[in-house]
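Here the structure is laid out as structure tokens; the discussion comes afterwards.
Residue numbers begin at 1 in each chain, while the letters A, B, ... track the order of the sequences. In what follows, every heavy atom counts, from backbone to side chain, and hydrogens, waters and symmetry copies are set aside.
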Protein chains: 2
Amino acid sequence: MARSPTSQRLAETAIRLFNERGYDETTVDDIAARAGVSRSTFFRYYRSKDDVIFPDHDALLAKVEARLTASTADTAIVAVCDAVRIVLAHYVEDAEVSLRRYRLVGRVPALRHREIASVARYQRLFREYVGDWLAGTPDAALRAELMASSVVAAHNQVLRGWLRAGGSYDPFEPLDHALQYVIRTFRHLENLEGPRDGGDQVVVAAFPRSASPDDVMDAIRAHLGSRS
Amino acid sequence: MARSPTSQRLAETAIRLFNERGYDETTVDDIAARAGVSRSTFFRYYRSKDDVIFPDHDALLAKVEARLTASTADTAIVAVCDAVRIVLAHYVEDAEVSLRRYRLVGRVPALRHREIASVARYQRLFREYVGDWLAGTPDAALRAELMASSVVAAHNQVLRGWLRAGGSYDPFEPLDHALQYVIRTFRHLENLEGPRDGGDQVVVAAFPRSASPDDVMDAIRAHLGSRS
DNA sequence: AACGCTGTGAGACTCAGTATCGTACGCTTG
DNA sequence: CAAGCGTACGATACTGAGTCTCACAGCGTT
């Protein structure tokens, strides 16, 4: 958290060298030497070579968790959508670093794995939160998994687009747009008793005046998603 | 694919040693020695130490891809749901190995990362497939990402449950159940012009006879997912 | 001046992963 | 039978990540 000037310089040197020579071609010795410190010092600040690219993910995860537990949203899915903004905000905050890292990660499989692994931690956090919220309802675990993965997917999609575009616009509008999809998609799932149980379900229907009964039946069949 | 007896013995020895002493405490030398071969031979069959736990993932991915391109489903989401069965089938096929690996992966972060990374490859494959299918429609990339991640999430949820239960039941029924959720949830998204555009949309509504106009309005508001 | 604390450097060590060379075995082909 | 040939394996050396231990310098306290 409290980044010392030394660790700062190490991170900057590392990114620069990775971009110049490539990740695999840069040794920790190179980074340390160029930053004017010893190899020991590097590993004192960063537990591994790739840590220097992905710093404070733990801190960010903690922030997200705090936001979740403090949430006053009336729905789990809304709370999670709200929390995921923190993540995007973090990327936008230092866009420079995010962009450099994005280009790097795209070229180095090892870093891509690392990135994917940290995303999975957010998804897990969300899954557990939603799972607790839905506890006791039917298919709670399944719906929690679906909601969490969808929120993360929406976030990733928006983030990737923004990074590909070189961070040239405000990504929060598309994020809201994407999260609307998710919220609208899962609201009904959240209030549902079960997939086949119409319990206290409320559904809205609108047909063109010209629709024949057969048209209506076809539409209903399509919406029920009858399997082959 | 064509597993030689030597590679087979190496894999078995490795899993046994990992369970006995732990993953980090077992060196490649240990595995090779116990299997009666040299270190060189180990790396001839497996590119890395963790490869011995996750073999033929490439082959499985190819099978899934083949199934996708050969699919005759009338909807992208249905095709993907169909394809994901292959993955589950693969785990079920040698349940013994899957279960041992599951227990191991749960304890070793490095292996968990590896697992997550390979899951991400399926998700990416699905995303690209759905993206091609939806190409040209509004929010194609976003919807593709959501569908792909949901199918994968449903699969993972079912698989984890099955593994936790020690593989004691047939997981395809819960998988169908979960995929029904996904299909029913995303059908309407697939046919949608856009989130706000009611174009040729058909919606079904049902209210209890006792519902007042206000009840109806509240329900509609809730379903529209109006934000804070 | 003795003490402790903190940040740093130095060096040894383990182990994963790569590359190279040598060699034994079994196979065909003349 | 012998000469050649490919495949599988062993042996060895090397690079580099990551861990650990010790030493030392600076700096403030009492």
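- Remark: the backbone N or O of R67(A) is not paired with any side-chain donor or acceptor of S71(A) at under 3.5 angstrom.
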Only pairs under 3.5 Å count here: list side-chain donor-acceptor contacts from residues 153-163 of chain A, not counting sequence neighbours, and write none if there are none.
residue: R160(A); atom: NH2; partner: E145(B); partner atom: OE1; Å: 2.5
residue: W162(A); atom: NE1; partner: Y169(A); partner atom: O; Å: 2.8

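- Taking a 6.0 Å sphere around CZ of R100(B), one finds it holds more than 12 heavy atoms contributed by other residues, nucleotides or ligands.
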Could you run down the sub-3.5 Å N/O contacts of the protein with nucleotides 18-25 of chain C?
none

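- Residue Y45(A) places at least one side-chain N or O under 4.0 Å from the OP1 or OP2 atom of dT8(C).
- I77(B) is not listed as a side-chain neighbour of V130(B), based on a closest heavy-atom distance of 4.5 Å or more.
- Note on ring orientation: taking the six-membered ring where Trp is involved, the planes of Y181(A) and H177(A) are perpendicular (angle over 60°, cut-offs 30° and 60°).
- No donor-acceptor pair closer than 3.5 Å links the side chain of D132(A) to the backbone N or O of Y129(A).
- Across residues 110-119 of chain B, not one residue has a non-hydrogen atom less than 4.0 Å from an atom of DNA chain D.
- For F126(B), the ring-ring contact (aromatic ring centres under 6.0 Å, His included) criterion is met by no residue, not counting sequence neighbours.
- Running 5' to 3' along DNA chain D, contacts with non-hydrogen atoms of chain A at under 4.0 Å begin and end at dG16(D) to dT19(D).
- Minimum interatomic distance between F186(A) and M147(A) (heavy atoms only, all atoms of both residues): CD2-CG, 3.7 Å.
- Pairing each heavy atom of R114(B) with each of S48(B), the nearest pair is NH1-OG, 4.1 Å.
- Spacing between atom CZ of F42(B) and atom P of dC15(C) amounts to 15 Å, rounded to whole angstrom units.
- Of the possible polar contacts, one joining the Y46(B) side chain to the S7(B) backbone as a donor-acceptor pair under 3.5 Å is found.
- Heavy-atom distances under 4.0 Å link DNA chain C to no residue of residues 22-31 of chain A.
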TODO: Output, in order, the C-alpha distance, side-chain angles, deciding distance and verdict of side chain to side chain contact (heavy atoms under 4.5 Å, CB included) for L104(A) and N19(A).
DONE: CA-CA 7 Å; L104(A) 213 52; N19(A) 279 323; 3.4 Å; yes
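- Of all the heavy atoms in A73(B) and V78(B), the pair that sits closest is CB-CG1, 3.9 Å.
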TODO: Could you walk me through whether D29(A) and F42(A) pass the side chain to side chain contact (heavy atoms under 4.5 Å, CB included) test, one step at a time?
DONE: CA-CA 9 Å; D29(A) 277 305; F42(A) 179 93; over 6 Å; no
